[in-house]
Amino acid sequence: MWFIPDGCGIFCAIVTWFLVFYTEFVVLFVMLIPSGDYMYSAINGIVFSLLAFLALASHCRAMLTDPGAVPKGNATKEFIESLQLKSGQVLYNCPKCCSIKPDRAHHCRVCKRCIRKMDHHCPWINNCVGEKNQKYFVLFTMYVALISLHTLILVGFHFLHCFEEDCSSSSPTTTTLLILLGLKGLLFLIFTSAMFGTQMLSICTDETRIEQLKKEDRRWVKKTTWVNLKAVFGHPFSLGWASPFVMPDQGKADPYQHMI
Ligand SMILES: [Zn+2]
Ligand SMILES: [Zn+2]
């Protein structure tokens, strides 16, 4: 099993889980159940819990999936000979983890490994976002954005209801909790939807954030948006794209095929 023993990352991952559970608790036990409207509470409670469950499942998959680590210490003479390089082909090796670096791989200081198509190291999932776990990371940002939006709508409805009818019976603690929940929802909605947008853009254009920042020249073949999406979410297109339980079928591409 893949797991990065990084104290800061583990702390951030625990905070993420705590925030989702805290939101779930306040939504269910402060807002929905005391509302007295059985149908409204049941439908919203089920939708919210399902989205929260999918967000946490995506988080687990993103954290515990190997993002595409290059085997450590494979820069040996035997391995290089087994690649049967043509004359003129050049290999890059990473001095930090003694591995042969496939094209588009980058070394991560936290993971202490070279990661294929590394996008960035995210402390919130305590892992790198790379070739093999990008789908789970994108789903995580999407489901957190959706639960944040749902929270904001529910808080909005709650206060709207208070304007129409008298809510003087609700305690100041409840009001403070709901205002804090609304602010947290807004903050997370902005942050995760921006992250989701930039991730989708980088998938569609097949350019990782590191490549965008370093303004690297494109050495890889340009493909259509649809092909790029299928490379991350799996093919063919199905409901499995939105499921953190479906491992994307990425084919068996040779990571050393692009070396020139
Ligand atoms: Zn390395
Ligand atoms: Zn990393």
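Since the model is a prediction, treat every value here as computed from it, not as a measurement. Numbers here are sequence positions counted from 1.
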Problem - Taking every non-hydrogen atom, the tightest pair across V129 and C122 - result: CG2-CB, 4.3 Å

Handout entry: Short side-chain donor-acceptor distance under 3.5 Å, T174 and S171
Key = yes

Practice task
Can you see which heavy atom on M1 is nearest to which on L64, and at what distance?
Solution key: CE-CD2, 4.2 Å

Exercise for the section: Would you indicate whether K112, at its atom NZ, is surrounded by more than 12 heavy atoms from other residues, nucleotides or ligands within a distance under 6.0 Å? Expected result: no

Exercise for the section: Measure from the ring center of H161 to the ring center of Y40 and say whether it is less than 6.0 Å. Expected result: no

Exercise for the section: Would you confirm whether S99, through its side chain, and K72, through its main-chain N or O, come within 3.5 Å as a donor-acceptor pair? Expected result: no

Practice task
With the side chain counted from C-beta on, respond yes when P67 and N133 share a heavy-atom pair under 4.5 Å apart, and no when they do not.
Solution key: yes

Practice task
Could you tell me whether the side chains of T192 and T141 share a donor-acceptor contact shorter than 3.5 Å?
Solution key: no

Handout entry: Worked verdict on M200 versus L229 for side-chain contact (heavy atoms from CB on, under 4.5 Å)
Key = CA-CA 8 Å; M200 288 305 284; L229 280 169; 3.8 Å; yes

Practice task
In sequence, state the C-alpha distance, the side-chain angles, and the governing distance for R116 and K101, and then conclude on side-chain contact (heavy atoms from CB on, under 4.5 Å).
Solution key: CA-CA 8 Å; R116 270 184 220 133; K101 239 180 176 174; over 6 Å; no

Practice task
Flag the pair V110 / I4 as yes when at least one side-chain heavy-atom distance between them is below 4.5 Å, and no otherwise.
Solution key: yes

Problem - Over 12 non-hydrogen atoms of neighbours within 6.0 angstrom of CZ in F157 - result: no

Exercise for the section: Assess whether atom OH of Y38 is packed by more than 12 heavy atoms of other residues, nucleotides or ligands within 6.0 Å. Expected result: no

Practice task
Test the K77-F79 pair against the cation-pi criterion, namely NZ or CZ under 6.0 angstrom from the six-membered ring centroid and within 45° of the ring axis.
Solution key: no

Exercise for the section: Answer yes or no: does atom CZ of F11 have more than 12 heavy-atom neighbours from other residues, nucleotides or ligands under 6.0 Å? Expected result: no

Handout entry: Path from I10 to V20 over hydrophobic side-chain contacts below 4.5 Å
Key = no

Handout entry: From CA spacing to verdict: side-chain contact (heavy atoms from CB on, under 4.5 Å), K230, W241
Key = CA-CA 9 Å; K230 286 201 284 191; W241 278 29; 3.8 Å; yes

Handout entry: In one Ile/Leu/Val/Met/Phe/Trp/Tyr side-chain cluster, 4.5 Å: I190, V155
Key = yes

Exercise for the section: Look at atom CZ of R109 and say whether more than 12 heavy atoms of other residues, nucleotides or ligands are closer to it than 6.0 Å. Expected result: no

Handout entry: Flag, side chain of N126 to backbone of A13, donor-acceptor distance under 3.5 Å
Key = no

Problem - Spacing of H59 atom NE2 and Y136 atom OH [to the nearest 0.5 Å] - result: 15.0 Å

Handout entry: Rounded distance [0.5 Å steps], OG in S148 versus CZ in F188
Key = 7.0 Å

Problem - Distance-only polar pair, side chains of W2 and N127, donor-acceptor under 3.5 Å - result: yes

Problem - Salt-bridge present (K117, D206; N to O < 4.0 Å) - result: yes

Problem - Heavy-atom side-chain proximity of E131 to R104 below 4.5 angstrom - result: no

Handout entry: Distance-minimising heavy-atom pair for A105 and V70
Key = CB-CG2, 4.4 Å

Exercise for the section: Please tell me if the side chains of Y22 and L181 come closer than 4.5 Å, counting only heavy atoms from C-beta onward. Expected result: yes

Handout entry: Under 3.5 Å donor-acceptor, S49 side chain and I46 backbone
Key = no

Practice task
State whether the side chain of W124 and the backbone N or O of T16 hold a donor-acceptor pair below 3.5 Å, judged by distance alone.
Solution key: no

Problem - Single-linkage hydrophobic cluster, 4.5 Å side-chain cutoff, Y143 and F233 together - result: yes

Fill in the blank from the handout: Closest heavy-atom pair, D66 versus K132, reported as atoms and distance to 0.1 Å, is O-CB, 3.2 Å

Practice task
Using distance alone, with no hydrogens and no angle criterion, decide if E211 and T208 have a side-chain donor and acceptor under 3.5 Å apart.
Solution key: yes

Exercise for the section: Following the transitive rule for hydrophobic clusters with a side-chain heavy-atom cut-off under 4.5 Å over Ile, Leu, Val, Met, Phe, Trp and Tyr, establish whether L91 and I115 coincide in one cluster. Expected result: no

Practice task
Kindly check if the number of other-residue, nucleotide or ligand heavy atoms within 6.0 Å of CZ (F25) is above 12?
Solution key: no

Problem - Side-chain donor/acceptor of K135 to backbone N/O of V246, under 3.5 Å - result: yes

Handout entry: Side chain proximity check, F191 to V144, heavy atoms < 4.5 angstrom
Key = no

Problem - Any donor-acceptor N/O pair, S243 side chain to G240 backbone, under 3.5 Å - result: no

Problem - Spacing of CG belonging to L50 relative to CG belonging to L146, to within rounding of 0.5 Å - result: 10.5 Å

Exercise for the section: Spell out, yes or no, whether I210 and F137 are grouped together once hydrophobic residues are joined by side-chain heavy atoms under 4.5 Å, including indirect joins. Expected result: no

Handout entry: Interatomic spacing from CD1 in I147 to CE in M142 - rounded to 0.5 Å
Key = 11.5 Å

Exercise for the section: Looking only at non-hydrogen atoms, find the nearest pair between P244 and L139 and report the distance. Expected result: N-CD1, 3.7 Å

Exercise for the section: Determine, step by step, whether C111 and H121 satisfy the side-chain contact (heavy atoms from CB on, under 4.5 Å) criterion, reporting the C-alpha distance in whole Å, the side-chain angles of both residues, the deciding distance to 0.1 Å, and the verdict. Expected result: CA-CA 8 Å; C111 298; H121 184 93; 3.5 Å; yes

Practice task
Classify the side-chain pair Q212/S202 by whether it contains a donor and acceptor separated by less than 3.5 Å.
Solution key: no

Handout entry: Closest contact, heavy atoms only, C97 versus H107
Key = SG-ND1, 3.7 Å

Exercise for the section: To the nearest 0.5 angstrom, please state how far the CG atom of N74 sits from the SG atom of C94. Expected result: 10.5 Å

Handout entry: Side chain proximity check, R219 to D103, heavy atoms < 4.5 angstrom
Key = yes

Handout entry: Heavy atoms of other groups near L213 CG, more than 12 under 6.0 Å
Key = yes

Exercise for the section: Determine the interplanar angle of the F237 and W226 rings, folded into 0 to 90°, and report it as parallel if under 30°, tilted if 30 to 60°, perpendicular if over 60°. Expected result: tilted

Exercise for the section: Could you label the plane-to-plane angle of the H150 and F48 rings as parallel, tilted or perpendicular, counting under 30° as parallel and over 60° as perpendicular? Expected result: tilted

Handout entry: Separation of K96 NZ from C114 SG (nearest 0.5 Å)
Key = 8.0 Å

Exercise for the section: Find out whether L32 and V27 are in side-chain contact, i.e. whether some heavy atom of one side chain is under 4.5 Å from a heavy atom of the other. Expected result: yes

Handout entry: Note, W17 side chain near L56 side chain (heavy atom, < 4.5 Å)
Key = yes

